[in-house]
Amino acid sequence: MPLLEVKDLCVSFNHYTSAFIQETIEVLHGVELTLEKGEIVAVVGSSGSGKSLLAHALMGILPGNARASGTIRYKGEPLTEKKLGQLRGTELALIPQSVNYLDPLMRVGTQVQNAPNNGRSMEQVHRTLQRLGLSSAVSERYPFELSGGMARRVLLSTAIVSGAQLIVADEPTPGLHAQVVTETLQQFRELASHGCSILLITHDIEAALLVADRIAVFYAGTIVETAPTEDFAGHGERLRHPYSRALWRALPQNDFMPIPGAQPQPGSLPSGCTFAPRCKLATSECNTAQPETREVRGGMVRCVHAS
């Protein structure tokens, strides 16, 4: 049984286009994802595809004008709003993308020490900070006294000391030195070896490949493919979705081939497959309906042409 199971997750927003006209725009649609105990799954994709919104939906911190549907199960049970309130910050921890989540009026050492499942001594806090390349003196500083990279490492340390069973890490490495990125990813791998499950949301495929067990490829508000990490190799022959292959081959160390066209915006999605307008394999069947997620060669994919 997966630790986390997401089925047909959809998130939409209501907003006013004028003083009296309200419009609903669906931003996430049909998201399906599983995460096993002790597994690291990386969610990769371009900016604006909806990756961070997925993190907020899983943690139950969507804004008031958002509406979510579908099913999220944790340890086999529905992750209801009440259940989220009980587990968020204890069994479930978020490493947010923005360092503004730090309390500007509290010293960072106290913030780490007071992380959920607290009871850690300041000595343990210092050890955790040092493992992330921060001196013990940093614990006496306020967030405004830190650089962006230092503040991001403080956020990482709060999740590490929390003892959470599921960590959702939303873009945890931007702004960090290459060595610190490697050390951070090693920390994730160490946590996973002790049974912690990690959902790593990132635009950095190379970093994801260093630590993830599986890669979920996000495009225009949904996951188009979930594949074992080893499938991201060569020219992407083992990948199942045309976008996954195109994304892989667009990397500088591969063919450096840009993908023609642009990702569609929420509210202007095509009627069928969201990638069809940019896909060389697209047929009339691709324009009729969004493909269902199905299993192909040990991975999951939304594409009628995958075999």
Side-chain angles (χ1 to χ4, degrees), residues 40 42-43 51-56 58-63 84-204 207-208 210-211:
I40 301 177
V43 177
K51 303 187 302 296
S52 293
L53 188 58
L54 171 62
H56 293 176
L58 293 177
M59 297 301 295
I61 55 174
L62 292 169
L84 267 170
Q86 297 169 346
L87 299 178
R88 187 169 49 234
T90 53
E91 289 194 29
L92 311 181
L94 172 68
I95 302 175
Q97 185 175 152
S98 173
V99 297
N100 292 330
Y101 278 77
L102 291 171
D103 187 335
L105 302 179
M106 185 184 295
R107 297 182 192 274
V108 298
T110 304
Q111 294 191 54
V112 176
Q113 188 179 30
N114 290 344
N117 283 353
N118 56 13
R120 271 54 176 187
S121 67
M122 191 56 71
E123 182 181 350
Q124 290 174 302
V125 170
H126 290 166
R127 285 201 300 267
T128 302
L129 292 173
Q130 288 169 357
R131 286 163 64 186
L132 294 172
L134 298 174
S135 69
S136 57
V138 170
S139 65
E140 295 301 315
R141 298 182 187 178
Y142 291 94
F144 73 87
E145 298 179 288
L146 307 178
S147 68
M150 294 169 70
R152 194 169 294 280
R153 278 178 276 174
V154 170
L155 286 172
L156 286 169
S157 66
T158 61
I160 290 173
V161 302
S162 70
Q165 296 184 37
L166 170 62
I167 293 177
V168 179
D170 187 8
E171 297 282 7
T173 57
L176 300 182
H177 186 274
Q179 181 179 349
V180 179
V181 171
T182 301
E183 291 171 353
T184 299
L185 296 176
Q186 289 173 347
Q187 289 291 329
F188 286 156
R189 191 70 267 173
E190 182 181 338
L191 289 170
S193 69
H194 289 89
C196 178
S197 302
I198 298 170
L199 189 66
L200 173 62
I201 296 174
T202 180
H203 66 277
D204 189 345
L210 293 175
V211 69

**Student:** Rounded to the nearest 0.5 Å, how far does CG of L94 lie from CZ of R88?
**Tutor:** 10.0 Å

**Student:** State, to 0.1 Å, how close Y101 and L155 come at their nearest heavy-atom pair, and which atoms those are.
**Tutor:**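 Minimum heavy-atom contact is CB-CD2, 4.4 Å.
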
**Student:** With no hydrogens and no angle check, is any side-chain donor or acceptor of E145 less than 3.5 Å from a backbone partner on Y142?
**Tutor:** yes

**Student:** Could you tell me if the side chain of L200 sits less than 4.5 Å from the side chain of L185, heavy atoms only?
**Tutor:** yes

**Student:** Measure across V138 and V108 and return the closest heavy-atom pair with its distance rounded to 0.1 Å.
**Tutor:**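 Nearest pair, atom of V138 first, then V108: O-CG2, 2.9 Å.
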
**Student:** Can you tell me if R152 uses its side chain to pair, donor with acceptor, with the backbone of E171 under 3.5 Å?
**Tutor:** yes

**Student:** With a 4.5 Å heavy-atom cut-off, do L132 and I160 have their side chains touching?
**Tutor:**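 Counting from C-beta outward, L132 and I160 do come under 4.5 Å.
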
**Student:** If I compare all heavy atoms of I95 with all of P172, which pair ends up nearest, and what's the gap?
**Tutor:** CG2-CB, 4.3 Å

**Student:** Is any side-chain heavy atom of Q97 less than 4.5 Å from a side-chain heavy atom of K51?
**Tutor:** no

**Student:** Using the side chain to side chain contact (heavy atoms under 4.5 Å, CB included) criterion, which residues pair with T182? Sequence neighbours excluded.
**Tutor:** Q186

**Student:** Please list, chain by chain and in numerical order, all residues satisfying salt bridge (Lys or Arg N to Asp or Glu O under 4.0 Å) with R107, sequence neighbours excluded.
**Tutor:**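 Partners of R107 by the salt bridge (Lys or Arg N to Asp or Glu O under 4.0 Å) criterion come out as none, since no residue qualifies.
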
**Student:** How close do A55 and V168 get, heavy atom to heavy atom, and via which atoms?
**Tutor:**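 Taking A55 first and V168 second, the nearest heavy atoms are CB-CG1, 3.6 Å.
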
**Student:** Which residues pass the side chain to side chain donor-acceptor pair (under 3.5 Å) test with E183, not counting sequence neighbours?
**Tutor:**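 Counting only residues at least two positions away or on another chain, E183 forms a side chain to side chain donor-acceptor pair (under 3.5 Å) with Q179.
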
**Student:** For L199, run the side-chain contact (heavy atoms from CB on, under 4.5 Å) check against L58, I40, I167, D170 and tell me which one passes.
**Tutor:** L58

**Student:** If I take atom CE from residue M59 and atom CG from residue L84, how far apart are they, to the nearest 0.5 angstrom?
**Tutor:**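 Answer for the CE-CG pair, M59 versus L84, is 7.5 Å.
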
**Student:** Can you name the residues that form a side chain to side chain donor-acceptor pair (under 3.5 Å) with R141, not counting sequence neighbours?
**Tutor:**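 R141 satisfies side chain to side chain donor-acceptor pair (under 3.5 Å) with no residue once adjacent residues are dropped.
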
**Student:** Is there a side-chain contact between F188 and L156 in this structure, where contact means two heavy atoms from C-beta onward sitting under 4.5 Å apart?
**Tutor:** yes

**Student:** Using the side chain to side chain contact (heavy atoms under 4.5 Å, CB included) criterion, which residues pair with R127? Sequence neighbours excluded.
**Tutor:** E123, Q124

**Student:** Quick one: CG on L191 to CD on Q165, what's the gap to the nearest 0.5 Å?
**Tutor:**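 So the gap between those two atoms works out to 12.5 Å.
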
**Student:** How many angstroms lie between CG in L62 and CG in L53, if you round to the nearest 0.5 Å?
**Tutor:** 6.0 Å

**Student:** Which atom names give the shortest non-hydrogen contact between C196 and A164, and what distance separates them?
**Tutor:** SG-O, 3.5 Å

**Student:** Shortest non-hydrogen contact from S157 to V112?
**Tutor:** OG-CG2, 3.3 Å

**Student:** Donor-acceptor pair, Q111 side chain versus D103 backbone, under 3.5 Å?
**Tutor:**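 Flag set: sc Q111 to bb D103 pair under 3.5 Å.
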
**Student:** I'd like to check the side chain to side chain donor-acceptor pair (under 3.5 Å) partners of H126; sequence neighbours left out, ordered by chain and number.
**Tutor:** S139

**Student:** Say you draw a straight line from CE of M150 to OG of S135; how long is it, rounded to the nearest 0.5 Å?
**Tutor:** 6.5 Å

**Student:** Nearest 0.5 Å, please: how far is OG1 in T110 from CE in M122?
**Tutor:** 5.0 Å

